[in-house]
Participant: 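A single structure is presented below for examination.
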2 protein chains.
Amino acid sequence: MAETPYAPARIRALPSWLLGRAAARGHRLVAEALAEEGMRMMHHAVLSAVGELGPVSQAELGRSVGIDPKDMVAVVNDLQADGLVTRTPDPRDRRKNAIEISAAGERTLRRTEKLGDRANDELTAGLTPAEREQLMALLARVAEPGEAGAEQTGRE
Amino acid sequence: MAETPYAPARIRALPSWLLGRAAARGHRLVAEALAEEGMRMMHHAVLSAVGELGPVSQAELGRSVGIDPKDMVAVVNDLQADGLVTRTPDPRDRRKNAIEISAAGERTLRRTEKLGDRANDELTAGLTPAEREQLMALLARVAEPGEAGAEQTGRE
DNA sequence: CTGTTATCGTTGGGGCATCCAACGGTTCGC
DNA sequence: GCGAACCGTTGGATGCCCCAACGATAACAG
């Protein structure tokens, strides 16, 4: 074998390290894929959340995908500028904005979902479907330690 | 609050998403643990690499842990300022700096390794040792897909 | 009704990790 | 020798996360 600059074994043996590397690769693959549609990860996540939850307030959206309200403002601004979502004042609560996906947003979402799935397939290309399921199950338990009932506000 | 802000199923079902969440938690736990010694993740990783590889150039270090040369400069600066490593010009190649761990570096490394291990134990507290090994094996295959040729080029 | 408390959207700032482009100094291949 | 490649270094850009504050609005207690 050539003298590859191997990562030190000590570090490599740490779950957090491997987790970070794998996540970095996943992030890169997905980001590259979504870039084909001019989308970014958070934007896609938010758009998907809007499409799934229906008309929602920004605060609720932020809690659902776990991002800061500050960043949510920018994301919704972009999505609205691209005509992917509509932001209308909620008549029943004038503090809120009702975010809803548009027809164009639905179309874009369908494309970006395909791209995201494809990137994730590439990410897990070395795994069998069963192994992928296994990985997902293990990751879920590592990402959310408590998670017994799961009805609670899973805030991080 | 009946409405739980659960993450949309669409997004949650993606390995890249779960990977990111799990990595974020791991990162946070390890960072908090290392902060007890005033250390940060990259610093610890580099220090560990130096201790394992012996006298080594910064470029080689950067390749081994997969970080940018720019950031490596800052890391080595900090480590040197804390007296944890020595940076001496390589007489055989005056472009290179020979980075070597110091006695104080060894001591600090032993402590931070304990802290890192402890944080990783907490991270994987919900898993049995066998499951943890399983997770590591799966992650390794996801993080480094090719792995056969041991191709150079650092990363992507 | 009035005053207090809480939420919502928004703006501002900071910290941390990753990445790319460039440059002078040095070594290596031809 | 001379161009190509590498090394350390500097500069800048980006993305993600967290905290604090503000005006407007709503919910609630009195």
Side-chain angles (χ1 to χ4, degrees), chain A residues 5 16-17 19-21 23-32 34-35 39-46 55-63 65-80 85 87-99 153 155-156, chain B residues 1 3 5 16-17 19-21 23-32 34-35 38-46 56-63 65-80 85 87-99 152-156:
Chain A
S16 58
W17 180 263
L19 222 32
R21 302 302 246 163
R25 193 169 94 94
H27 183 291
R28 183 165 38 84
L29 286 175
V30 174
E32 283 173 0
L34 294 184
M39 266 305 220
R40 274 173 297 186
M41 294 196 59
M42 288 211 303
H43 294 233
H44 170 65
V46 169
V56 220
S57 69
Q58 292 183 201
E60 203 169 343
L61 265 180
R63 282 188 292 263
V65 297
I67 79 177
D68 197 85
K70 173 188 176 58
D71 308 313
M72 180 60 70
V73 173
V75 169
V76 175
N77 281 344
D78 293 342
L79 292 178
Q80 188 183 25
V85 303
R87 172 154 51 181
T88 52
D90 188 330
R92 289 168 319 222
D93 188 339
R94 301 216 307 274
R95 296 171 301 179
K96 299 183 181 178
N97 289 335
I99 312 295
T153 64
R155 237 308 296 184
E156 209 266 333
Chain B
M1 312 321 222
E3 318 86 79
S16 57
W17 180 263
L19 223 31
R21 301 301 244 167
R25 193 168 94 95
H27 183 293
R28 184 166 38 84
L29 286 175
V30 173
E32 283 172 1
L34 293 184
M39 270 300 225
R40 274 174 296 190
M41 294 198 60
M42 288 208 304
H43 295 218
H44 171 65
V46 169
V56 71
S57 71
Q58 292 183 200
E60 202 169 345
L61 264 180
R63 282 188 293 264
V65 296
I67 79 177
D68 196 86
K70 172 191 175 56
D71 309 312
M72 180 60 68
V73 173
V75 170
V76 175
N77 281 345
D78 293 342
L79 293 178
Q80 189 183 23
V85 302
R87 172 155 52 180
T88 52
D90 188 331
R92 288 170 317 228
D93 189 338
R94 302 215 307 276
R95 294 172 303 180
K96 298 183 181 178
N97 288 336
I99 311 296
Q152 253 268 2
T153 74
R155 312 178 1 83
E156 65 269 29

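Proteins come first, then strands; the chains are lettered A, B, ... in the order of their sequence lines, and each starts at number 1.
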Participant: Reading DNA chain D from 5' onward, which residue's closest nucleotide shows up sooner: A:Met42 or B:Val56?
Facilitator: B:Val56

Participant: List for me each residue that meets side-chain hydrogen bond (donor to acceptor under 3.5 Å, both in side chains) alongside A:Asp90, sequence neighbours excluded, and say none if there are none.
Facilitator: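 side-chain hydrogen bond (donor to acceptor under 3.5 Å, both in side chains) list for A:Asp90, sorted by chain: empty.
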
Participant: When rounded to the nearest 0.5 angstrom, what is the spacing between CZ in B:Arg87 and CD in B:Gln58?
Facilitator: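 The distance works out to 5.0 Å.
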
Participant: Give me the distances for all protein-to-nucleotides 2-4 of chain D N/O pairs that come in under 3.5 Å?
Facilitator:
none

Participant: Could you pull out all residues at least two apart from B:Asp93 that satisfy side-chain hydrogen bond (donor to acceptor under 3.5 Å, both in side chains)?
Facilitator: B:Arg95

Participant: Can you tell me how far C1' of D:dC17 sits from NE2 of A:His27, to the nearest Å?
Facilitator: 12 Å

Participant: Return the nearest nucleotide to the side chain of A:Ala59; candidates are D:dC17, C:dC8, C:dT10.
Facilitator: C:dC8

Participant: I need the CD-C1' distance between B:Glu32 and C:dC16, as an integer number of Å.
Facilitator: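 The distance from CD of B:Glu32 to C1' of C:dC16 comes to 14 Å, rounded to the nearest Å.
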
Participant: Could I get the full list of salt bridge (Lys or Arg N to Asp or Glu O under 4.0 Å) partners for A:Asp68, not counting sequence neighbours?
Facilitator: none

Participant: Supply the atom-to-atom distance B:His44 NE2 to B:Leu79 CG, rounded to the nearest 0.5 angstrom.
Facilitator: 11.5 Å

Participant: Minimum heavy-atom separation for B:Ala23 to A:Ala23, with atom names?
Facilitator: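 So the two residues come closest at CB-CB, 3.5 Å.
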
Participant: How close or far is atom P of D:dT10 from atom CG of B:Asn77, stated in whole angstroms?
Facilitator: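 Going from B:Asn77 (CG) to D:dT10 (P), I get 7 Å.
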
Participant: Output the rounded distance in Å from CG (A:Leu61) to P (C:dT7).
Facilitator: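 Answer to the nearest Å: 18 Å.
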
Participant: What is the distance from CG of B:Asp71 to P of D:dG11, rounded to the nearest Å?
Facilitator: 14 Å

Participant: Tell me the interatomic distance from A:Glu60, atom CD, to C:dG9, atom P, rounded to whole angstroms.
Facilitator: 9 Å

Participant: I want to check something: taking the side chain as every heavy atom from C-beta on, are B:Leu19 and A:His27 in contact at a cut-off of under 4.5 Å?
Facilitator: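 No, too far: nothing below the 4.5 Å cut-off.
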
Participant: Spell out protein contact along nucleotides 21-30 of chain C as letters: B when the base is contacted, S when just the sugar-phosphate is, - when no protein heavy atom is under 4.0 Å; keep the 5' to 3' order.
Facilitator: ----BBS---

Participant: How many Å lie between CG on A:Asn97 and C1' on D:dA26, as a whole number?
Facilitator: 15 Å

Participant: Among residues at least two apart in sequence or on other chains, which ones pass salt bridge (Lys or Arg N to Asp or Glu O under 4.0 Å) with B:Arg40?
Facilitator: B:Asp78

Participant: Would you indicate, yes or no, if C:dC8 has its OP1 or OP2 atom less than 4.0 angstrom from a side-chain nitrogen or oxygen of A:Arg63?
Facilitator: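 Indeed, a polar side-chain atom of A:Arg63 lies that close.
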
Participant: B:Gln58 side chain N/O closer than 4.0 Å to the phosphate oxygens (OP1, OP2) of D:dT9?
Facilitator: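 Looking at the OP1 and OP2 atoms of D:dT9, one of them is under 4.0 Å from a side-chain N or O of B:Gln58.
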
Participant: Once you round it to whole Å, what is the distance between C1' of C:dA17 and NE2 of B:His43?
Facilitator: 11 Å

Participant: Looking only at side-chain N and O atoms, does B:Arg87 come under 4.0 Å of OP1 or OP2 in D:dT9?
Facilitator: yes

Participant: When all nucleic acid strands are considered with a 4.0 Å heavy-atom cut-off, which category describes A:Met72: base, sugar-phosphate, or nothing?
Facilitator: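 Since no nucleic acid heavy atom lies under 4.0 Å of A:Met72, the category is nothing.
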
Participant: Taking the side chain as every heavy atom from C-beta outward, state whether B:Val65 and B:Met42 have any atom pair closer than 4.5 Å.
Facilitator: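 Side-chain contact under 4.5 Å: no.
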
